[in-house]
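Every value quoted in this text rests on a predicted model; they were computed, and no experiment measured them. Position 1 is the first residue of the sequence; numbering continues from there.
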Amino acid sequence: MKRSTQLMAIVVAVFGGICAIGCTIDPDLDPFDDLYTPDQCTGTTPDLNGTWEITGTGKRSECRQDFLNTDKFTLSSVKIPLVYDADTGELSVGNLQVNSNFQVKSAVIDRACVEFTTVEGVGDQTIEYRWKGSAKSDNFLEGEFTGLGPSGCDTVGNFSMSR
């Protein structure tokens, strides 16, 4: 074996070993852990009951279908009736005017900070978004979102919610 080939084999083995040891993904890693400072959650919990519209922009990547990848991803929702039970902390979707299986999977409300996960079936695929934002008033929230789907896409961006 030539010396350059031997050297290359050693480099590949070393980097492969380093990656095998140090490149594991922490399942408990939360990319939103540092999103808020304590002073951002001050104030009162907004009245989330009512009809809301979500808009946002971001980036969508890692899609199995390349045409879905974009640095200029935009989203907008139909008007979504939300029902919030302050006693239980449960956030749910009221009666939608369109035929959809859109639902709130989970929600955590901490004063002005609002975090919720939505799931929607589109054909035979599922799109799941995690929204994390803060209320600027009873009629406006803004923050960041991450998403999975369709076609294996990873999505990140900023959103606003208004009524």
Side-chain angles (χ1 to χ4, degrees), residues 24-163:
T24 59
I25 297 174
D26 182 355
D28 297 324
L29 178 67
D30 183 351
F32 285 116
D33 273 347
D34 298 323
L35 182 60
Y36 297 112
T37 58
D39 61 327
Q40 287 178 297
C41 291
T42 60
T44 59
T45 302
D47 180 6
L48 296 172
N49 291 297
T51 304
W52 294 84
E53 185 174 1
I54 302 173
T55 58
T57 60
K59 178 181 176 180
R60 188 170 54 201
S61 60
E62 304 300 322
C63 302
R64 287 187 297 271
Q65 297 168 316
D66 191 51
F67 75 93
L68 293 172
N69 294 316
T70 181
D71 289 338
K72 297 179 181 178
F73 175 72
T74 60
L75 63 85
S76 63
S77 72
V78 298
K79 294 189 182 294
I80 302 169
L82 293 179
V83 178
Y84 176 63
D85 184 333
D87 294 332
T88 65
E90 185 176 319
L91 182 66
S92 61
V93 177
N95 188 17
L96 285 172
Q97 298 298 316
V98 295
N99 185 14
S100 175
N101 58 0
F102 180 84
Q103 63 182 343
V104 175
K105 183 176 170 183
S106 64
V108 176
I109 316 299
D110 179 12
R111 293 163 295 170
C113 292
V114 178
E115 176 185 345
F116 59 101
T117 302
T118 59
V119 178
E120 181 176 15
V122 178
D124 62 347
Q125 298 192 49
T126 300
I127 301 173
E128 182 171 318
Y129 287 114
R130 182 172 178 200
W131 314 88
K132 204 163 188 179
S134 59
K136 304 304 177 193
S137 72
D138 268 350
N139 297 315
F140 186 76
L141 288 96
E142 64 183 1
E144 297 182 4
F145 71 93
T146 60
L148 296 173
S151 189
C153 298
D154 290 327
T155 309
V156 296
N158 298 306
F159 79 96
S160 64
M161 236 172 93
S162 60
R163 55 177 155 183

Decide if atom CD of Glu128 counts as having more than 12 heavy atoms of other residues, nucleotides or ligands within a radius under 6.0 Å. yes

With rounding to the nearest 0.5 angstrom, report the CD1 to CZ distance, Ile80 to Phe102. 4.0 Å

For residues Phe73 and Lys59, report the shortest heavy-atom separation together with the two atoms involved. CB-N, 4.1 Å

Any donor-acceptor N/O pair, Asn158 side chain to Thr57 backbone, under 3.5 Å: no

Smallest separation among heavy atoms of Gln103 and Val93, with atom names: CA-CG2, 4.1 Å

Taking atom types as modelled and ignoring hydrogens, do the side chains of Ser76 and Thr55 form a donor-acceptor contact shorter than 3.5 angstrom? no

Any donor and acceptor pair, going by atom type alone, linking the side chain of Ser77 with main-chain N or O of Ile54 inside 3.5 Å? yes

Pro46 and Val114: which non-hydrogen atoms are nearest, and at how many Å? CG-CG2, 4.4 Å

Under 4.5 Å between any side-chain heavy atoms of Thr126 and Glu120, yes or no? no

Under 3.5 Å, is there a donor-acceptor pair between the side chain of Ser151 and the main chain of Cys153? no

So, for Ala107 and Leu91, which heavy atoms are closest and what is the spacing to 0.1 Å? CB-CB, 3.6 Å

Evaluate the side-chain contact (heavy atoms from CB on, under 4.5 Å) criterion for residues Leu75 and Phe145: first the C-alpha distance (whole Å), next the side-chain angles of each, then the deciding distance (0.1 Å), finally the verdict. CA-CA 11 Å; Leu75 63 85; Phe145 71 93; 3.6 Å; yes

Distance-only, no hydrogens or angles: does the Asn69 side chain make a donor-acceptor pair with backbone N or O of Cys63 under 3.5 Å? yes

Salt-bridge present (Lys132, Glu144; N to O < 4.0 Å): no

What is the distance from atom CZ of Arg163 to atom OG of Ser137, rounded to the nearest 0.5 Å? 8.0 Å

Are Val83 and Asn49 close enough, and set up right, to give a side-chain contact (heavy atoms from CB on, under 4.5 Å), and what steps lead you there? CA-CA 5 Å; Val83 178; Asn49 291 297; 4.0 Å; yes

Does Asp47 reach the main-chain N or O of Asp138 with its side chain, forming a donor-acceptor pair under 3.5 Å? no

Once rounded to the nearest 0.5 Å, what's the spacing between atom OG of Ser61 and atom CG of Asp66? 11.0 Å

What is the minimum heavy-atom distance between Pro81 and Lys79, and which atoms define it? CD-O, 3.6 Å

So how far is it from Leu141 CG to Trp52 CH2, rounded to the nearest 0.5 Å? 5.0 Å

Leu82 CG to Phe116 CZ distance, which is reported to the nearest 0.5 Å: 6.5 Å

Rounded to the nearest 0.5 Å, the CG atom of Asn139 sits from the CE atom of Met161 at a distance of 11.0 Å

Measuring only between side-chain heavy atoms, which start at C-beta, is Asp154 closer than 4.5 Å to Leu148? yes

Among Thr146, Thr117, Thr155, which residue meets the side-chain contact (heavy atoms from CB on, under 4.5 Å) test with Tyr129? Thr155

